[in-house]
2 protein chains.
Amino acid sequence: MSEQDPLVIFTPSGKRGRFPAGTPVLHAARSLGVDLDSVCGGRGICSKCQITPSYGDFSKHGVTVHDDALSEWNKVEQRYEDKRGLKPGRRLGCQAQILRDVVIDVPAESQVHKQVIRKRADTRAIVMDPATRLYFVEVLEPDMHEPSGDFERIAAALADQWKINGLIADLSMMAKLQPVLRKGKWQVTLAVHHDHTGAAPRLVEIWPGLHESGLYGLAIDLGSTTIAAHLTDLETGEVKAASGLMNPQIRFGEDLMSRVSYVMMNPGGDREMTRAVREALSQLAMELAAEADISPDLIVEAVVVCNPVMHHLFLGIDPVELGQAPFALATSSSMSLAMAELDITSINPRARGYILPCIAGHVGADAAAVALSEAPEKSEDLVLIIDVGTNAEILLGNTTRVLACSSPTGPAFEGAQISSGQRAAPGAIERVEIDPDTKEPRFRVIGSDIWSDDPAFAEAVGASGITGICGSGIIEAVAEMRMAGILDASGLIGSASQTGTPRCIAEGRTHSYVLHDATADNGPLISVTQGDIRAIQLAKSALYAGARLLMDEMGVDKVDRIVLAGAFGAHISSKHAMVLGMIPDAPLNKVSSAGNAAGTGARIALCNIAARKAIEANVSKITKVETAIAPAFQEHFVSANAIPHATAPFPELARIVTLPAVSFNSGGEDGGGRTRRGRRRG
Amino acid sequence: MSEQDPLVIFTPSGKRGRFPAGTPVLHAARSLGVDLDSVCGGRGICSKCQITPSYGDFSKHGVTVHDDALSEWNKVEQRYEDKRGLKPGRRLGCQAQILRDVVIDVPAESQVHKQVIRKRADTRAIVMDPATRLYFVEVLEPDMHEPSGDFERIAAALADQWKINGLIADLSMMAKLQPVLRKGKWQVTLAVHHDHTGAAPRLVEIWPGLHESGLYGLAIDLGSTTIAAHLTDLETGEVKAASGLMNPQIRFGEDLMSRVSYVMMNPGGDREMTRAVREALSQLAMELAAEADISPDLIVEAVVVCNPVMHHLFLGIDPVELGQAPFALATSSSMSLAMAELDITSINPRARGYILPCIAGHVGADAAAVALSEAPEKSEDLVLIIDVGTNAEILLGNTTRVLACSSPTGPAFEGAQISSGQRAAPGAIERVEIDPDTKEPRFRVIGSDIWSDDPAFAEAVGASGITGICGSGIIEAVAEMRMAGILDASGLIGSASQTGTPRCIAEGRTHSYVLHDATADNGPLISVTQGDIRAIQLAKSALYAGARLLMDEMGVDKVDRIVLAGAFGAHISSKHAMVLGMIPDAPLNKVSSAGNAAGTGARIALCNIAARKAIEANVSKITKVETAIAPAFQEHFVSANAIPHATAPFPELARIVTLPAVSFNSGGEDGGGRTRRGRRRG
């Protein structure tokens with residue numbers, strides 16, 4: 001290039017250079033390292049390299065762009081315009097040639113490393129850099145005088161046309177090459193998986209001609225109680241479908257330790273559980289593909305996060321060692337493998353899987369995923385991150401140090417072990433308010449924005465449209481009952497006479513509070529029982545004790561901010577969580593909700609291979625704290641049983657929480673929770 | 001080390017060095033790079049490091065070795081001696097310490113890179129350097145305060161104790177670690193596969209404590225007609241069991257092109273054939289393990305050689321492209337994969353497979369294996385190597401250049417398509433002589449060294465112990481018939497009156513020659529029919545034409561030497577092959593037999609990973625000649641039909657071959673072979 005050559009300036013990157021007149025824009029962009037996409041390699045068939053030339057006077061760039069700065073609209077562009085249409089002002093970067101000085105904008109959708117739009121403003125951007133990408137290649141035809149295999153000629157084409165060397169392929173891929181190459185007349189699109197592990201690039205799929213139906217991946221959060229997955233577009237990062245189902249392992253035990261016990265009592269029982277979870281995941285993948293209306297074969301990747309017991313059960317490893325000290329994992333590193341090895345057969349048969357590393361025997365890949373999503377190691381503030389689930393993952397840290405533990409909260413927060421509990425789904429009560437004077441409740445159910453005391457509610461939802469109460473609903477209900485004086489500090493529900501509301505009904509020697517009675521219409525009676533309160537107390541004590549244990553370890557007695565996460569984390573009300581004593585005290589405006597942070601972490605790892613590398617490095621720096629053997633955990637657990645403070649420590653909470661000093665404990669009921677119950681039995 | 005330190009000299013390597021008094025011999029050997037084996041890493045439990053100190057005056061080395069040159073016999077050695085016994089004079093290298101100047105011999109069995117004894121003196125030595133080896137390690141116990149996975153601690157132990165970094169393992173291995181580590185009390189033996197491909201070392205098996213039952217591999221020659229396998233000890237290279245069976249694909253077509261046609265006519269038929277060959281191989285592996293009395297789980301590797309069609313059918317790739325120009329292979333490179341991917345499930349579930357590269361669409365991994373075994377590229381003489389089989393692999397070359405082709409000989413040479421033909425097995429006639437005067441035959445059968453005209457034959461074999469005629473037998477029979485004047489140059493068998501022997505009996509319009517008639521005892525009638533002669537003529541013409549084609553390409557009309565190979569290659573008589581016109585003329589003492597060279601090549605690749613690398617490099621240098629499209633091949637084929645020369649070109653052959661100028665062609669029989677038959681039909 002010389003001083004006489006036209007100057008080209010790309011926006012938004014600002015990269016600039018001079019190229020001989022006639023240079024295609026795509027070529028110039030590649031020379032300058034401008035992020036301009038192309039699947040077909042400049043052959044004018046994929047249209048990924050669309051750009052927008054700007055004309056006029058660009059004094060800040062010191063150039064004036066004339067109308068004839070680029071070559072004229074050509075036949076290839078016209079064909080594309082006729083067939084699919086181009087947005088106004090757009091050109092194909094591989095066709096338009098630079099003739100005079102020009103300013104060229106690369107729109108977001110033409111960038112390979114696009115930023116993915118995330119809902120929360122406070123989260124880090126996800127930049128697209130997935131492991132699997134598409135490459136269009138022209139393959140040499142076989143020549144019997146220079147014999148070489150079809151695969152070897154594909155690999156040579158990829159090396160020559162895309163500078164990707166050392167392609168490998170599984171056996172099942174080899175069997176597929178010949179017909180596709182011939183159908184595509186030696187022009188094919190390759191899906192190549194090339195991740196951060198240093199493994200050779202691997203051919204996972206091949207299509208004749210230009211493949212235009214996209215590539216997809218699954219971000220999977222394998223929880224003890226629920227399995228959630230996001231079907232994600234690997235080009236744009238967009239979530240095309242999201243769904244969840246109950247973990248079928250629940251029939252072997254509601255919490256992790258009961259499942260480990262099941263294996264101890266039933267040798268080989270782990271294989272049943274492995275099969276159950278794998279089948280469920282295959283099913284879920286198929287449903288998601290149907291929902292997004294794509295062929296399941298287009299799902300070529302999956303990232304899985306889960307706690308250690310689920311990790312072992314999913315991988316087909318006996319989890320018994322995880323049930324006893326020293327809680328030794330069979331393997332703790334991240335894994336990169338074929339999803340077919342995990343019997344996930346409903347997706348592409350060569351789909352690759354990535355499983356995040358486990359932090360310790362009790363702190364799994366799900367905690368690693370939360371760390372990836374919430375990045376405590378980058379926080380200047382001391383942040384407490386609580387991923388609420390059947391097993392809670394708790395992280396505490398800042399740029400100096402990050403601690404992690406897990407706490408066996410049980411499934412109560414997910415609506416299990418609750419008398420009217422159900423999974424968060426339409427019909428479930430998710431928000432509850434109780435008037436402290438009348439003790440009358442009002443609520444909202446999932447699927448409607450109308451409160452139950454609104455006249456429009458009956459028509460919108462109807463008495464029979466209320467099916468149960470979900471995790472966030474039970475948390476609000478219990479907290480509201482406490483604030484309305486229906487519950488005393490020990491967690492005991494008062495009788496109708498003690499509370500002054502007929503909604504407190506006797507059930508055996510204890511009482512329940514009726515939220516909704518549709519029995520007259522053969523509908524359900526939805527109430528909060530004393531047993532429900534006890535289950536929530538155990539769960540929240542475990543959560544609180546875990547958080548306190550990390551705070552002890554860190555040597556602090558308060559944190560700067562709290563992030564609540566979980567499959568249903570987005571729906572937890574911070575106020576109610578704090579009233580309940582689920583989380584340590586903090587200014588209410590410093591408690592935020594991160595939604596399904598583990599699932600988000602999985603999605604980040606799915607979209608960006610550098611994130612995989614980063615979390616693998618970070619995991620080794622996280623200090624693991626073992627709750628199961630820490631005496632302090634037991635102490636915190638016991639002392640956290642009450643539903644707390646008559647006076648709240650922070651002004652904004654004090655305004656909300658005006659807890660009555662009621663006590664309904666008449667000595668006849670086991671109001672003391674687990675410890676007292678233990679004592680009485682002994 | 002200093003001048004005052006004792007000098008240690010190792011034999012046979014001659015390596016020497018000075019070490020501080022008290023240095024264990026194993027340590028000194030390792031420092032000097034002396035090839036001294038150890039599986040347990042010097043813990044005194046594997047006994048692989050046995051050495052023999054020499055005492056006395058070694059003037060050639062300039063040292064005198066005193067009785068106290070090594071430390072005294074210790075408890076560990078005594079324990080081993082009591083338990084297993086040591087050969088006289090032997091010490092354990094890890095226990096005996098160097099105290100004064102000493103000469104130490106490393107016996108062959110204590111060397112890692114042992115030379116394998118091969119039967120033929122003219123072949124290159126195989127030096128043991130297999131991909132899979134055993135390593136004893138002590139693994140750190142899990143510590144909940146420093147959590148890490150069992151696998152990660154195994155990998156760390158291997159890196160620390162054996163300097164082997166970056167261990168990987170399949171999922172099924174992960175599931176096996178925990179019980180074995182605990183059973184072995186954190187001492188385990190690992191089988192680690194680390195080949196020439198640059199792939200990470202892979203854990204394929206683990207045993208508690210020291211594993212002493214060895215490691216085995218299979219060298220497999222997948223022929224069109226027969227499948228042969230050698231079960232080989234991966235420490236010594238010794239063949240522990242060898243066996244073969246008929247390729248069950250024969251029911252889909254006797255030769256390769258009929259199998260390709262079967263797939264063309266029956267879409268999906270390739271899958272049936274794939275299943276058939278894989279099942280047969282699984283079965284064969286199991287039988288070999290039983291024969292060698294080892295657990296099939298100890299078979300951790302296999303090397304497979306085969307022609308391109310078998311290659312594709314075994315790998316599950318449709319072979320149809322190989323049936324038509326340009327004969328494009330789906331993949332031509334070598335492959336390294338899990339045998340389980342090939343459904344070979346009777347051996348270790350994590351056993352690794354290596355498949356040699358194919359040279360071209362008609363010249364397969366079997367030809368590559370022959371090249372590996374016979375190394376034409378290292379021959380100063382121009383050598384013609386013919387691997388006789390249903391598809392013959394032919395190589396011609398020397399240090400300057402190597403050419404290769406294959407020729408579709410059909411299964412006649414393997415006893416198929418022959419009226420009394422059978423596989424080479426006890427009872428098969430393998431050697432034949434016919435008296436030129438009396439026209440009486442005598443023969444030998446496999447399993448006995450006694451000729452049929454020996455009085456002891458009846459008792460040793462008996463008339464009913466003769467079951468048929470194998471490939472080498474039919475070659476000798478036809479050549480002897482020609483030399484005895486029973487057959488004319490066109491291949492026509494004379495009548496009893498024409499030949500003067502009642503052994504020539506009429507069968508329809510042609511005649512057969514009776515080798516053995518046991519019909520009186522309800523036994524078989526074993527004869528050579530006119531059809532048999534025609535089958536052999538077609539086969540040998542194809543073989544000869546292929547060899548001539550390579551000679552044309554090389555621009556020569558004779559070769560310096562000929563090597564005959566094949567599953568039954570060891571048994572072919574050079575003289576008879578030349579009489580038959582199977583091979584070009586050459587001095588008889590320049591025709592040698594290489595046995596199953598393809599199988600040997602597989603065994604070399606199994607025992608030595610450098611050989612794999614070498615053949616991969618060589619294959620790319622071999623010039624492929626395509627017989628199917630060469631007009632010259634057809635010309636050679638037609639002109640090679642006769643059973644040759646009335647006068648042999650070489651004196652030694654002339655002495656043997658005094659062919660009568662008989663002709664039995666009366667015009668009524670199609671004595672002209674394919675060409676004349678064609679003409680008559682036209």
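First the proteins, then the strands, lettered A, B, ... as listed; each starts at 1.
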Subject >> Per-residue contact mode, A/Ile168 against chain B (heavy atom under 4.5 angstrom) >> reply: neither
**OP:** May I ask you to name which of B/Ile317, B/Thr623, B/Asp270, B/Thr331 has the most heavy-atom pairs under 4.5 Å with chain A?
**Re:** B/Thr331
**OP:** Grab the two heavy atoms, one from A/Glu152 and one from B/Ala330, that are nearest each other, plus how far apart they are.
**Re:** OE1-O, 4.2 Å
Subject >> Greatest number of heavy atom pairs closer than 4.5 Å to chain B - which of A/Gly316, A/Ser333, A/Ser172, A/Ala360 >> reply: A/Ser333
Original post:
What is the distance from atom CG of A/Leu329 to atom CE of B/Met174, rounded to the nearest 0.5 Å?
Top reply: 11.5 Å
Subject >> chain B contact via A/Leu177 - side chain, backbone, both or neither, heavy atoms under 4.5 Å >> reply: side chain
Subject >> Per-residue contact mode, A/Leu337 against chain B (heavy atom under 4.5 angstrom) >> reply: side chain
Subject >> Gap between atom NZ of A/Lys624 and atom CE of B/Met144 - 0.5 Å precision >> reply: 14.5 Å
**OP:** Determine the option with the most heavy-atom pairs under 4.5 angstrom with chain A, choosing from B/Pro147, B/Ser148, B/Ser332, B/Ala155.
**Re:** B/Ser332
Original post:
So does A/Arg401 have more than 12 non-hydrogen atoms from other groups sitting under 6.0 Å from CZ?
Top reply: yes
**OP:** Ignoring hydrogens and angles, tell me if any N or O in the side chain of A/Gln178 forms a donor-acceptor pair with the backbone of B/Ala328 under 3.5 Å.
**Re:** yes
Subject >> Toward chain A, the part of B/His362 with a non-hydrogen atom under 4.5 Å >> reply: neither
Original post:
Okay, side chain of A/Glu341, backbone of B/Asp170: is any donor-acceptor separation there less than 3.5 Å?
Top reply: no
Original post:
If you look at every heavy atom in B/Pro326 and A/Pro142, which pair is closest and at what distance?
Top reply: CG-CG, 3.7 Å
Subject >> A/Arg182, CZ: over 12 other non-hydrogen atoms inside 6.0 angstrom >> reply: yes
Original post:
In this structure, are over 12 heavy atoms from other groups packed under 6.0 Å from A/Lys613 atom NZ?
Top reply: no
Subject >> Rounded distance (nearest 0.5 Å) linking atom CG of B/Leu171 with atom CE of A/Met335 >> reply: 5.0 Å
